[in-house]
Amino acid sequence: MKTLFLNAPSFDGFDGGAGARYQATREIRSFWYPTWLAQPAAMVPGSRLVDAPARGVSLAEVVRMVEDYELVVMHTSTPSFASDANVAAALKAVNPRLTIGFVGAHVAILPEPSLNAAPAVDFVARHEFDYTIKEVAEGKPLAAIDGLSYRRDGVVVHNRDRALIHNMDELPYVSDVYARDLVPEDYFIGYLKHPYMSLYTGRGCKSRCTFCLWPQTIAGHVYRTRSPKHVADEIRHARALMPQIQEFFFDDDTFTDDAPRAEAIARLLGEQGVTWSCNAKANVRYETLKVMRENGLRLLLVGYETGNQQILHNIKKGMRIEVARRFTEDCHKLGIAIHGTFIVGLPGETRDTIQQTIAFAKEINPHTIQVSIAAPYPGTHLYDQAVENGWLVNDGKTLVANSGFQVSSLSYPHLSQADIFEAVADFYKRFYFRPRKIAAITLEMLASWDMMKRRLREGVEFFRFLRAREGRA
Ligand code: SF4
């Protein structure tokens, strides 16, 4: 079937794509590569991938595009589901012969309610969907495809689950699809060099953090990995295809979970002289950090979440504050930049623990930070806990506002939805508006004209974000 993979148009600047862990418009315009759509696209010959939000493609343009297609596969998420269902309806209206399928964590967990709420959608592919989509595109009868839920005579039927992929080296390179269908310059992440490219070297995370979406819904708790050589070969290939790429980002849930493998990949990348960055847990040993740093590692994206040990226990992070502190000192010593991510409003949060986390962030001083609001996505343990304890506001249906920015859908007896929302801007201001941080950012800007332009643009966006927050508060 002639197949279009689509990240649908949505809120202005909304990174709801098949690569964003938490779908929202961010304080600074950011887009992740739609890797989860690019992977099946690489397995369907003659297909095309369109990332409408990143490219600025309007609904009218997408509607014109689909006249020639037989199958459209859309990535959806809890915050964007209603809008994606409307897009599907608009596409079906112009091309009633079109088969439309949804993929992503939301439909993996809620296949039947999703199909019932989106009559234009013909099927949803549950959990890990690469081969499921490949088989649909090959025209295999829907009844014979594992991992599929679809309508038969008006009734939703669920085929048996699809087995997880264990030989990750059998998956074709996503970089071929990126080079063919995407424009690397469209993809910005504030703390990565521009243009960057993100991809996975493995799927799954052995940790069981209660709020974390993908391991609980799609990728599972076994870290299934590509061989170091397969990864290094793709990087070489991607550099030849897209020589403008300044930095590669390994978006595996926790790239450092398998330290010997991380070191092996680092050494192979070191031979190529590549700059790269990755996700890490704040428990990597100094020796591993050193090998990675000596072989091109520039930055680690680290989920600290909170500076309160009890909350770390509550969310099953499997992390001790002292270990995170030591790890951060090691990174500073080795010159590894850190983008630290924090969450406000997790179970056990109080006004005091928010202050404690802000103080912790200032003390360990990552290069940059991201502050998110705890988001109870269906399919996570946090969501179940919120339902059981009556913490959900509006039944958890509002994860983002009409602007696409995150809002809190949790409220506790001792900490309101508004307290959580307001803490985000306060956190940013108290972290960034310090003489030490302002001096570091100024020095960085003075060192490069490109960085100067970029930080000024981001500064304007950031102040706009703060003003919008204050206006709403
Ligand atoms: S360690 Fe990171 S990726 Fe793994 S479950 Fe926890 S938050 Fe998710």
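Counting starts at 1 for both ligands and their atoms, in listed order.
The pair Lys290-Glu294 counts as a salt bridge, with a side-chain nitrogen and a carboxylate oxygen less than 4.0 angstrom apart. We find that Lys134 and Asp130 are not joined by a salt bridge, their nearest charged nitrogen and carboxylate oxygen being 4.0 Å or further apart.
Remark: ligand 1 atoms within the under-4.0 Å shell around heavy atoms of Cys205 are 1 (S), 3 (S), 4 (Fe), 5 (S). For ligand 1 and Ser207, the ligand atoms under 4.0 Å from any heavy atom of the residue are 1 (S), 4 (Fe), 5 (S), 6 (Fe). Within ligand 1, counting atoms from 1 as listed, the ones closer than 4.0 Å to a heavy atom of Lys317 are 1 (S), 2 (Fe), 6 (Fe), 7 (S).
Distance check for Cys212 against atom 4 (Fe) of ligand 1: none of its N/O/S atoms falls below 2.8 Å.
Under 4.0 Å from ligand 1, the heavy atoms of Phe211 that appear belong solely to its side chain. Neither the backbone nor the side chain of Lys206 has a heavy atom within less than 4.0 Å of ligand 1. Contact annotation for Thr254 and ligand 1: only side-chain heavy atoms (C-beta onward) come within less than 4.0 Å of the ligand.
Aromatic ring pairs are classed by plane angle as parallel below 30°, tilted from 30° to 60° and perpendicular above 60°; the pair Tyr200 and Trp36 is tilted.
Residue nearest to atom 6 (Fe) of ligand 1, selected from Cys209, Gly204, Ala219: Cys209 (by heavy-atom distance).
A side-chain N or O of Ser80 and one of Ser77 form a donor-acceptor pair less than 3.5 Å apart.
Arg325 forms no cation-pi arrangement with Phe327, by the criterion of a distance under 6.0 Å to the ring centre and an angle within 45° of the ring axis.
Other residues, nucleotides and ligands contribute only 12 or fewer heavy atoms inside 6.0 Å of the CZ atom of Arg351.
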